[in-house]
Protein chains: 2
Amino acid sequence: MKKTGQPTINDVARLAGVSKKTVSRVINQSPLLNGETRDKVQAVIADLGYIPNPQARALALRRNFLIALIHDNPNAQMVLRVQQGLLEVLRDTEFELLVHPVDRGAPDMRDEIRRFLERQRPYGVMLLPPISENDALAALCAQIGCRYVRMGSAAFDDPAHMVSSNDREAVRGAIDHLLAAGHRRICMIAGPHGFRSAFERQQGYEAAMEAAGLGVQRTWIAQGDYTFESGMRAAERLLDLSPRPTAIFSSNDEMAAGALHIARQRGLDVPENLSIVGFDDTSIASHLWPPLTTVRWPIATMARAAALKLIGDDDDEPDADAPPAEETMFVSTLIRRASVAKPQE
Amino acid sequence: MKKTGQPTINDVARLAGVSKKTVSRVINQSPLLNGETRDKVQAVIADLGYIPNPQARALALRRNFLIALIHDNPNAQMVLRVQQGLLEVLRDTEFELLVHPVDRGAPDMRDEIRRFLERQRPYGVMLLPPISENDALAALCAQIGCRYVRMGSAAFDDPAHMVSSNDREAVRGAIDHLLAAGHRRICMIAGPHGFRSAFERQQGYEAAMEAAGLGVQRTWIAQGDYTFESGMRAAERLLDLSPRPTAIFSSNDEMAAGALHIARQRGLDVPENLSIVGFDDTSIASHLWPPLTTVRWPIATMARAAALKLIGDDDDEPDADAPPAEETMFVSTLIRRASVAKPQE
DNA sequence: TTGTACGCGTTATCAT
DNA sequence: ATGATAACGCGTACAA
C-alpha cells in the first residue's frame, strides 16, 4: 500500500497471515480451500476495501476485463440502445465497455481490428450490423481467442455467437397488417445493397405479396440507403407511379420519415391518402405527425443477452444435459400508431 | 515472443543488441539518446511490427491509456455526437474510449465514480452535463490525479478543464429572431430545475424579453423536463393562455416536438398560427414537419477540443509565452427553417 | 489445503 | 548515452 494508497494483494495476505496465492484463490473462487481461511481472508478484504488491480490481472492473464463494442457508425439510436443494454449487464461486474468504431469501406479495416484486438485483448467483443455480417471478422476473433457475439437480422452464426431478430417474419406481419386494412398497391422502400437487414426485409415484403397473390412488381420497390434523404427520393419515384400506391412500407423509420416529408410536400394526407409503415421504432417514429406505425425489435434486450453470452462462463460446447442456451432469436412486434388507415375508395 | 505470438520489448532489445531500457527510451521519445542507436532500434521495431503492450504499461505507469466518458444518460443524440467527436481525435492514437454511464440521483454516485477511477485509472475523463456541473466530481478527479474536462452551457471551470457553449447568448439571438419577425407574445418552455443549461437558456430568454421592453411574465414560462411528453404538457398550458402566444421557444428540440404535436392536435397550423423555435438541432429538428428552426451548438467540435485537452501534454499551468490555450468557448448558431413566420394579424 | 518462486511486459532507479 | 536490476500487482507451476 505504497504510493497509490490502494491496498494490494500483498497487504491482504500479510494482514490475514496467509500467502498471496491463498488470497488469489479466494478472489477467483477456487473450490479447494478451507472455509475458515476463506472467511478470514474475506474479512480482511472487506475491511481493507481491497479491489484487485485490473491492470495487473490483465497482464498476468493476457486478457483484459473489457467488453469491446465494434461498430461501423450505423443508426445512432441503435448504437446507443445497444450500449445501454450492454451496460445494464456490465454494471456491477468487473467489466467495462470499450467503444471502438471502425470504417467499413476502409481497405485495412480488418487489419485495424486485428491490431485493436491484439493490443487491447478484450475479454469479448460485440459486433454490430452491418459489419457483424462479415464472417471474416468473426473468424478473426475466434482465431485470436477472443469471445464474440454478432447481432443481426437473421441467425448466421451458432447460438453462442449470435443474437438475432427475425426481420423477414416481422416484415411479413407488417405487410399483412396493410393487407388486412384493404391495401393492394403496397410499395416498398428497400435498404441498401449488401445489408443483410435490407435483404431480409425485402424478402419479407416479397413473400407477403406473393402469398397474397399480388406478385412482386419491380417498379414498386425503390431502393434507398437508410437515410432520410434517400427516403425522400425513393418516395418521389413511388408517388409518381400511376396509379399511385395507397401504402408504402419503408425498410427503416428514417426513410419512412423522408417519405412522409414528401407526402406532405405533395399535399397528400397521411394516412388519409397514403399509409406508411416504418421499421425500427426509433424515437423519431413516435414523434412524427402522424405517429408512425412501425416494427419494433428488442434491441436493448438483445444487447443484454449478448452481454450475458460474452461474460458467461460456458466456455466450451454445452453438454447435452447443460441448462438450455441463452436466447438467440428475438421476436419483433408491430407498433400500431396513426400512419395507417384503410385505403380511399 | 512465446505464447501470444506478439514480439515484446525483450525481442526488440535482443535483436537490436541493446538493453530493454534503451528500447523503452526510444518508444517514449526520450531526448537523451544517440541518433544511431535510435534509428537502429526503430528499424527493428518496424521490422518486427512490435507494439508496446498496453496492459504492461498500465501496470508500470499506474495509469491506463484510456479516456473515460462519464455521463448520466442525457439525450441520446448528444452522447453519440460526443463519442464521435472524441473518437475522431482518439483514432490513430494509442488511446481508447471507455464509456461509463452513472446514475445521478443514486446516493452513492460519487463513491461509484471514485471506485471506477481508482480501478481503471483512466488517463483522462470527460464529464457530460448535467453531472459535469457537479464541482465535487471535478475535485474528485483532480484529487485522484486524473485529467478531466467538463462540458457545459457556460464556463464554470478554468479553460484547461472546460469546453462550453454560451447558451444564454444563443437564446437571446433566437428570441431576437422571433422579435424581429414581429412576435410579442413569446412564451417559453423551460428545462428542468437544477440543470445549468435550463438556467442559462431561461436567462437568455428573460434578458431578451427585458431588453425588448416586454418584461417577463411568470405565466408565460412553463417548465418541462426535456422530454417529449413534458413538452406536450407545457404546450397545453401555454396554448390555454388568452390571448394565445404567437410563438414558443423551447429549451430543447424534444420538447419543441411535443409542442408541435399539441399544436397539431388543436388544429393550429405551424408556423401560420404559431411559431416554434427549439434548441440543440438534434436530427429530429430537421425531420419534423415543418422543419424546426433551432439553435445548433457544435457538440462534436467541442468534444474534439475536449479530447485534445485530455491527451495534450500541457500538464501544468501554461507559461506566459506558451502557445494560446485551446479553444474553450464555442459559438452556437441559429438554424432557420420553416417553423417560424410572422405572427397573424 | 497452502506456500514458494517465477513469469507477464513495461517503466524507474541508479549506476557507469 | 546506456545498462543491470528492481519494481508494478497478480496468476500459475510445482512443491510441500
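Naming convention: chains lettered A, B, ... in sequence-line order (proteins, then strands); numbering from 1 in each chain. The analysis underlying the following values was restricted to heavy atoms, covering all of them including side chains, and did not include hydrogens, waters or symmetry mates.
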Worksheet item: salt bridge (charged side-chain N to carboxylate O under 4.0 Å, His left out) with B:Asp135: which residues, sequence neighbours excluded?
Response: B:Arg150
Worksheet item: Is there a residue in residues 112-120 of chain B whose heavy atoms reach under 4.0 Å of DNA chain C, and which residues are they?
Response: none
Spacing between [X] atom [atom1] and [N] atom [atom2], to the nearest angstrom:
X       : N      : atom1 : atom2 : value
B:Arg62 : C:dG9  : CZ    : C1'   : 15 Å
B:Ile27 : C:dT11 : CD1   : C1'   : 10 Å
B:Ile9  : C:dG9  : CD1   : P     : 11 Å
B:Leu48 : C:dG9  : CG    : C1'   : 15 Å
B:Asn64 : C:dT11 : CG    : P     : 13 Å
B:Phe65 : C:dG9  : CZ    : C1'   : 14 Å
A:Gln55 : D:dG9  : CD    : C1'   : 10 Å
B:Arg63 : D:dG9  : CZ    : C1'   : 19 Å

Item to complete: For the residue pair A:Tyr123 and A:Phe95, categorise the inter-ring angle as parallel (less than 30°), tilted (30 to 60°) or perpendicular (more than 60°).
Response: perpendicular
Tell me whether [X] is salt-bridged to [Y], with the criterion being a basic N under 4.0 Å from an acidic carboxylate O.
X        : Y        : answer
B:Glu96  : A:Arg119 : no
B:Glu36  : B:Lys40  : no
B:Arg196 : B:Glu133 : no

Worksheet entry | Residue pair A:Gln120, B:Gln55: steps toward the side-chain hydrogen bond (donor to acceptor under 3.5 Å, both in side chains) verdict | CA-CA 8 Å; A:Gln120 298 306 131; B:Gln55 286 76 34; 5.6 Å; no
Which atoms of nucleotides 2-5 of chain C (N or O only) lie under 3.5 Å from a protein N or O atom, and what are those distances?
unit_1 : atom_1 : unit_2  : atom_2 : d
C:dT2  : OP1    : A:Thr37 : OG1    : 3.1
C:dT2  : OP2    : A:Asn34 : N      : 3.0
C:dT2  : OP2    : A:Thr37 : OG1    : 3.1
C:dT2  : O4     : A:Arg25 : NH2    : 3.3
C:dG3  : OP2    : A:Ser19 : N      : 3.0
C:dG3  : OP2    : A:Ser19 : OG     : 3.3
C:dG3  : OP2    : A:Thr22 : OG1    : 2.6
C:dG3  : O6     : A:Arg25 : NH2    : 3.2

Worksheet item: Do side-chain atoms of A:Asp72 reach the backbone of A:Arg104 as a donor and acceptor pair under 3.5 angstrom?
Response: yes
Worksheet item: For A:Gln77, does its backbone N or O pair with a side-chain atom of A:Asn75 as donor and acceptor, under 3.5 Å?
Response: yes
Given [N], is OP1 or OP2 found less than 4.0 Å from the side-chain N or O atoms of [X]?
X       : N     : result
B:Asn10 : C:dG9 : no
A:Asn53 : D:dC8 : no
B:Arg57 : C:dG9 : no

Discussion item. For a quick check of understanding: with a heavy-atom distance under 4.0 Å over all strands, which category does B:Leu61 fall into, base, sugar-phosphate or nothing?
Written reply: sugar-phosphate
Practice prompt. Decide whether B:Arg57 and B:Asn28 meet the rule of one side-chain donor and one side-chain acceptor closer than 3.5 Å.
Written response: yes
